[in-house]
Amino acid sequence: MNTLKDIKVGKTARVLKVHGEGAIRRRIMDMGITKGVEVYVRRVAPLGDPLELFVRGYELSLRKADAEMIEVE
C-alpha cells in the first residue's frame, strides 16, 4: 500500500482511500483530500515534516502522520 508520505517531490498521485477514524478522517476530508482527487507534492520541509501539497487549486501543508493515512496510486 502506497501512502501520500511515500510520494516524491514533484510527483502527482490519485487518492484511493482515506484511512483513520472520526475527527481525524473528517478533518482530512474537509481539507479536500477525498477519493479520486489528484494531489501534487510541491515540497517537503527540511526535517521531513510537514509536506506541502497542491490540491484542488490551493496549497496545503500536511503532517507526515496524517499523510500516512492517505492511500494513493
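All values below come from the heavy atoms of this structure, side chains included, with hydrogens, waters and symmetry mates left out. Everything quoted here is computed from the prediction, not taken from an experiment.
The shortest distance between side-chain heavy atoms of Thr34 and Val18 does not fall below 4.5 Å.
The salt bridge (charged side-chain N to carboxylate O under 4.0 Å, His left out) analysis of residues 2-11, with sequence neighbours excluded, yields the pairs Lys5-Glu68.
Residues Val37 and Gly32 share a closest heavy-atom pair of CG1-O, 3.8 Å.
Remark: Ser61 pairs with no residue by the side chain to side chain donor-acceptor pair (under 3.5 Å) rule, at least two apart or across chains. By the side chain to side chain donor-acceptor pair (under 3.5 Å) test, Thr12 is found to be paired with no residue, residues two or more places apart in sequence or in another chain being considered. With sequence neighbours excluded, the residues forming a side chain to side chain contact (heavy atoms under 4.5 Å, CB included) with Glu71 are Met1, Leu16, Lys17, His19, listed by chain and number.
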Validation: residues 41-53 side-chain donor-acceptor distances under 3.5 Å, sequence neighbours left out:
from, atom 1, to, atom 2, distance (Å)
Arg42, NE, Glu52, OE2, 3.0
Arg42, NH1, Glu59, OE2, 3.1
Asp49, OD1, Lys64, N, 2.8

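The CD1 atom of Ile24 sits 7.0 Å away from atom CG of Asp66, with the distance rounded to the nearest 0.5 Å. Residue Ile33 holds its CD1 atom at 6.5 Å from CD1 of Ile28, rounded to the nearest 0.5 Å.
Chaining together hydrophobic side chains whose heavy atoms lie under 4.5 Å apart places Phe54 alongside Tyr40.
The side chain to side chain contact (heavy atoms under 4.5 Å, CB included) with Val39 is formed by just one residue from the set Ile70, Leu4, Leu62; it is Leu4.
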